[in-house]
Amino acid sequence: METIRILHTNDLHSHFEHFPKIGRYLKKAQADKSVDQVYTFDAGDFMDRSHPLTDATKGQANVKLMNNFNYDAVTIGNNEGISNSHEVLEHLFDHANFPVILANLREEDGSMPKWAVKDKIINTKKGTRIALIGLTAAYPMSYEPNHWHIMMLKETMDDLLPKLKGKYDVLIMITHIGLNMDRWLAKNYPGIDLIIGGHSHDLLKKGEEDNGVWITQTGKWGNYVGDIKLEINDQHCVQKISPTTVPTASMPAKSGDNAIIQGYRDKGKELLKAHKVADLPEKFADDKEAAIQASLDAIADFAGTDIAMLSSGLFLVPFKKRILTKYDLQKALPHSMHVVRSTLKGSDLWRLVMEIEKNRHYLDHFPLKGMSFRGKIFGQMYYKGIKFDPRTRIVYVNGKEIDPNREYQIAGLDHYILVPFFPTLAIVGENKFLFPQFLREVVGNYLAKKYPVNARSESNDTKY
């Protein structure tokens with residue numbers, strides 16, 4: 001009989017406040033002599049650019065800290081794969097001391113990324129062969145414009161599993177595809193022994209068994225650490241899988257933890273504040289509406305349109321007058337969202353405006369989570385170049401009544417295609433996702449051109 005202990009995390013999202021406790025727990029568990037072997041895995045979204053240190057170091061700080069966790073393998077989430085430019089992701093793991101397992105992402109020419117492998121076979125001390133396969137969320141609308149080719153899950157599994165047949169005794173999936181898709185894997189590929197999942201932020205305290213396949217997930221933000229016991233017989237077959245999760249809040253704290261955690265934030269703040277972006281005039285002083293209007297101009301300019309829309313809930317704090325730094329922008333707009341240029345017939349643009357106006361009061365204080373949103377409420381929708389007459393229900397574009405047969409292009413965000421409130425965008429919009437800049441980078445570059453930092457401001461870096 002062989003006993004294996006598997007430790008796992010997912011969706012840490014740069015919540016460094018849990019890292020000291022998690023690090024100590026993993027180190028102690030990895031030294032467990034009561035089992036034959038210990039392995040440690042992460043199922044993606046370990047970074048989130050809403051944290052200043054992650055943003056300032058392009059995720060390198062995360063990788064450095066993860067090296068201390070002694071992972072045996074990880075896969076990537078959408079925050080690594082989509083929130084980073086192609087170039088940043090190409091170098092994200094340059095200094096990692098762990099392998100990245102990822103079967104369903106390719107370069108545009110079909111080749112494997114140099115920083116990842118499709119699968120990995122690890123051999124235990126007692127000769128059990130464990131196959132690891134990694135999968136990330138298959139979002140072609142977001143990966144393709146960022147110069148990646150994403151493969152669908154069925155295509156990936158049907159291609160890879162026959163090639164691995166006879167080469168392993170135990171099959172473990174490390175996935176960032178969400179609980180529903182993990183269940184789909186279990187239903188369609190019952191030869192899987194264990195799925196270590198992420199993405200949907202589900203907390204499965206004791207795991208979930210589907211079609212003979214165990215699925216585990218630890219929620220989000222490092223609030224829990226997964227701890228699984230595998231029992232394997234002398235023929236190298238799994239006899240029993242016993243998943244558990246351990247709340248980070250139950251792990252002992254140390255007196256220096258708070259200083260370490262604050263140090264991560266302070267260092268990121270210091271690095272970002274060193275980059276001056278723009279020298280803003282008086283009108284921006286604590287005026288959120290001025291920030292919204294300037295941002296509407298920014299995304300329209302970036303998308304090459306003359307109309308645009310943004311919601312007020314995106315702006316967590318207003319901009320300020322005088323020197324605006326990267327830290328100020330990151331604090332105001334922490335979201336990992338991209339600009340989208342949507343092409344719509346006039347009749348469909350009219351319908352979109354009707355959807356917005358119908359939902360306006362409902363969304364004003366609507367609490368919203370997920371879909372890259374880092375704020376609290378959706379807020380009010382603001383337009384550039386669009387006016388609506390509620391009495392006549394006429395929509396005006398740049399002062400003229402909308403032409404139902406003409407094509408219009410409007411700048412918005414991927415966020416508005418993902419939320420369910422404006423179905424016209426997703427159903428009939430011809431939507432082009434514009435990469436790699438985030439919303440705050442688009443806004444920062446626009447403000448840098450419109451309100452440049454002059455020599456008196458002693459800036460050597462105005463470009464976001």
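FYI, the numbering just counts along the sequence from 1. All heavy atoms count here, side chains included; hydrogens, waters and symmetry mates do not.
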Centroid separation H335 to F373 less than 6.0 Å: yes
side-chain hydrogen bond (donor to acceptor under 3.5 Å, both in side chains) between T424 and E355, intermediate numbers included: CA-CA 8 Å; T424 292; E355 290 167 351; 2.6 Å; yes
H199/D11 under side-chain hydrogen bond (donor to acceptor under 3.5 Å, both in side chains): CA gap, chis, key distance, verdict: CA-CA 7 Å; H199 186 49; D11 295 278; 5.3 Å; no
Ionic contact status for D36 with K125, cut-off 4.0 Å: no
Minimum side-chain heavy-atom gap F98-N67 below 4.5 Å: yes
Polar side chain donor-acceptor pair, T244 to D227, under 3.5 angstrom: no
Distance-only side-chain donor-acceptor flag, N431 / S342, under 3.5 Å: yes
Check ion pair R183-E208 (N to O, under 4.0 angstrom): yes
Residues D364 and H361: side-chain donor-acceptor under 3.5 angstrom: no
Residue pair N223 / T248, side-chain donor-acceptor N/O under 3.5 Å: no
Flag for S311-Y416: side-chain donor and acceptor within less than 3.5 Å: yes
Donor + acceptor pair across side chains of Q409, T305 (<3.5 Å): no
Validation row, ring centre F378 to ring centre F366 under 6.0 Å: no
Pair D158, Y189: side-chain N/O donor-acceptor within cut-off below 3.5 Å: yes
Test item: side-chain donor near acceptor, H8 and D42, under 3.5 Å: no
Residue pair I192, M157: steps toward the side chain to side chain contact (heavy atoms under 4.5 Å, CB included) verdict: CA-CA 11 Å; I192 298 169; M157 295 295 286; 4.2 Å; yes
Carboxylate-amine/guanidinium contact D48 R374, below 4.0 Å: yes
Partners passing side-chain contact (heavy atoms from CB on, under 4.5 Å) against K58 (at least two apart in sequence or in another chain): V88
Check: S85/N146 side-chain N/O donor and acceptor closer than 3.5 Å: no
Heavy-atom closest contact (A116 atom, M112 atom, distance): O-CE, 3.7 Å
Any donor-acceptor N or O pair under 3.5 Å, side chains T54, S14: yes
Atom of F315, atom of S295 and distance for their closest heavy-atom approach: CE2-OG, 3.3 Å
Ring geometry between F435 and F433 (parallel below 30°, tilted from 30 to 60°, perpendicular above 60°): parallel
side-chain hydrogen bond (donor to acceptor under 3.5 Å, both in side chains) between E2 and T124, worked out: CA-CA 9 Å; E2 181 178 12; T124 71; 2.6 Å; yes
Heavy-atom pair of closest approach, residues K120 and P99: CD-CG, 4.0 Å
Any D210 side-chain heavy atom under 4.5 Å of L185 side chain: no
E357 bridged to R360 by N-O distance under 4.0 Å: yes
Donor + acceptor pair across side chains of H176, N10 (<3.5 Å): no
Ring geometry between H86 and W148 (parallel below 30°, tilted from 30 to 60°, perpendicular above 60°): parallel
Parallel, tilted or perpendicular: rings of W221 and H15 (30°, 60°): parallel
Shortest non-hydrogen contact from H91 toward Q60: O-NE2, 3.2 Å
Under 3.5 Å side-chain donor-acceptor pair for H236 and T128: yes
A73 to I101 - nearest heavy-atom pair and separation: CB-CG1, 3.7 Å
Sequence-distant partners of L418, side-chain contact (heavy atoms from CB on, under 4.5 Å), two or more places apart: M371
NZ/NE/NH1/NH2 to OD/OE distance under 4.0 Å, D55 and R49: yes
Worked verdict on I172 versus I133 for side chain to side chain contact (heavy atoms under 4.5 Å, CB included): CA-CA 7 Å; I172 297 177; I133 297 176; over 6 Å; no
Check: Y71 ring centre within less than 6.0 Å of Y39 ring centre: no
SB check R24 D257 (cutoff 4.0 Å): yes
